[in-house]
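Everything on this sheet refers to the single structure shown next.
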2 protein chains.
Amino acid sequence: MSTVGKAVSLLELFTLHEPEIGLSDLARRAGLDKATARRLLMALAAHRLIEQEPKSRRYRLGAGLSRLARIRDAHFPLVRLAAPVLRELSLETGETVHLSEFSAGALLTLHVELSAKANRVNVDVGQVLPLHGTASGIAFLAASRLEAVSAYLEKPRQAFTAFTMTRQDDLVKAIALAASRGYSRSAQGYEEGVHSIGAAILGADGQPIGALAVASPVSRVDDAVAASQGEAAVRAATMISARLTGEA
Amino acid sequence: MSTVGKAVSLLELFTLHEPEIGLSDLARRAGLDKATARRLLMALAAHRLIEQEPKSRRYRLGAGLSRLARIRDAHFPLVRLAAPVLRELSLETGETVHLSEFSAGALLTLHVELSAKANRVNVDVGQVLPLHGTASGIAFLAASRLEAVSAYLEKPRQAFTAFTMTRQDDLVKAIALAASRGYSRSAQGYEEGVHSIGAAILGADGQPIGALAVASPVSRVDDAVAASQGEAAVRAATMISARLTGEA
DNA sequence: AACACCGGTTCAAATAATGAACCGAATTGG
DNA sequence: CCAATTCGGTTCATTATTTGAACCGGTGTT
């Protein structure tokens, strides 16, 4: 791997649940020598992509990332453009709606509009969703190029609940169904008791860049409700895609 | 410079005003060979820190940055904790208030609370403020370690208006005054017609991490108003510092 | 038609990255 | 309480990666 790739791998070791990591730990997990890891961290720190807590000497992500992310968000305003549409979809369906963007083999939750109901699904911004096992992921795959789907299906998949689809032929069927009707449906594939309807959001080149999903308690959804949520989700996703590519 | 440093330099070429850049341009501005720039861009793109517009083949910042920035923001919630305090300060003073974080030798504007008045100062999120010539910067320097200030004062400074302080002894005086009373004052040092009061925000180790500022049209500020804005700004900055370090 | 510049590629030469061993200081645990 | 780990950090000969001049083919411009 390139030196740059190794440096970025170090950045990717930090998560919501583990935002500060020590040198030896970082080196071990990245599969790098301690000296190498430190040199890379210093290079990143010089540009404020990494900071070091002076007391504990542990490392954390730096302010430069916030700066770069803001520049990107201003130019590629997925969240800004999608937020009102998501809000409307949430009001229309009465359920929690969340938006995610594809990044590094998974979907990253960027925005959430919570249902007003007491019994609702809660989703965290920043949560990383696997492509299999979530409605958003299946919708994303269904809109992806065939070669990308094939490549993804070759790798092993983790089961999150007893309902998670991990077998390749099951996934192929689910993806085909989602592709044919425009939205995906997933019951308890990622978390027990959660039913989701997903729809892909497309970029200017027609390739999917992310997805949105309507998430409900399973008890509240039957086939009719799912169908109406699906149509609403597709409308919303289409609207967001259009706004992104500069249309109306 | 390290390979990693060069790669990050490429990222830093993108700005709010120029969010997409072509290969030759990037190489030229970074002082790199075209082939080198491309290899670095590919390494960054593999981790989604860079994306390439398929049509124009120009490069832009990638979604991975948004992801990393969100992880950092969740753990180091300067904006989240500061926002309500800034809002209150804006209401109290009736003026525009903005928050900035130190990054790579300058202050990066992270959040703005606009005045409700028709004649107000407008500030953009993402704007980069120089340490000299802005009230925020002087306040930041006044709270910094002496060696950091000295190092900064050695480098040449740009004048933005006819009022920008660029002479070293003027700056030393302004910094000393700000240090003694807790807030800084700057009139038209960065933009004509704008008067600002700045106060530094400190991290857990007592070192400054950023600053806030109250920005008003010069016509609305006399010494008495400046003094009351200064006291309010110091109170707000202290409150934010305390929240950041875990206190009430 | 000639020119200039674009994004992208190649490969021998040059340079930067690497990691085992080592240091002193905290922690840990028997 | 002392010995054994483990920590963050450093060194320097070895090694592997990065580098860039030259070269594509393509796309406007003149």
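All chains are named by letter (A, B, ...) in the order of the sequence lines, taking the proteins before the strands, and each is independently numbered beginning at 1.
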Residues pairing under salt bridge (charged side-chain N to carboxylate O under 4.0 Å, His left out) where one sits in residues 71-80 of chain A, two or more places apart or in two chains, turn out to be A:Arg72-A:Glu101, A:Arg72-B:Glu51
Looking only at heavy atoms, the pair that brings B:Ala37 and B:Ala27 closest together is CB-CB, 3.8 Å
In 5'-to-3' order, the base (B), backbone-only (S) or no-contact (-) status of each nucleotide in nucleotides 6-23 of chain D, using a 4.0 angstrom heavy-atom cut-off, is -SBBBB-----SSBBB--
Minimal heavy-atom distance between A:Met1 and A:Ser9, with the atoms involved, is SD-OG, 3.9 Å
From CG of A:Leu44 across to P of C:dA17 the rounded distance in Å is 12 Å
To the nearest 10 degrees, the angle between the two end axes of the helix from C:dA1-D:dT30 to C:dG30-D:dC1 (five pairs per end) comes to 40°
Here the distance between atom P of C:dA17 and atom CG of A:Leu10, to the nearest Å, is 14 Å
Heavy-atom nearest pair, B:Gly198 first then B:Ala135, reads N-CB, 3.5 Å
request  = Tell me, please, whether A:Phe14 has A:Arg60 positioned over its six-membered ring: NZ or CZ under 6.0 Å from the ring centre and within 45 degrees of its axis?
outcome  = no
Between B:Gly133 and B:Ile138 the two heavy atoms that sit nearest each other are N-CD1, 4.5 Å
OG1 (A:Thr15) and CZ (B:Arg67) are apart, to the nearest 0.5 Å, by 9.0 Å
With ring centroids as reference points, do A:Phe160 and A:His132 lie under 6.0 angstrom apart? yes
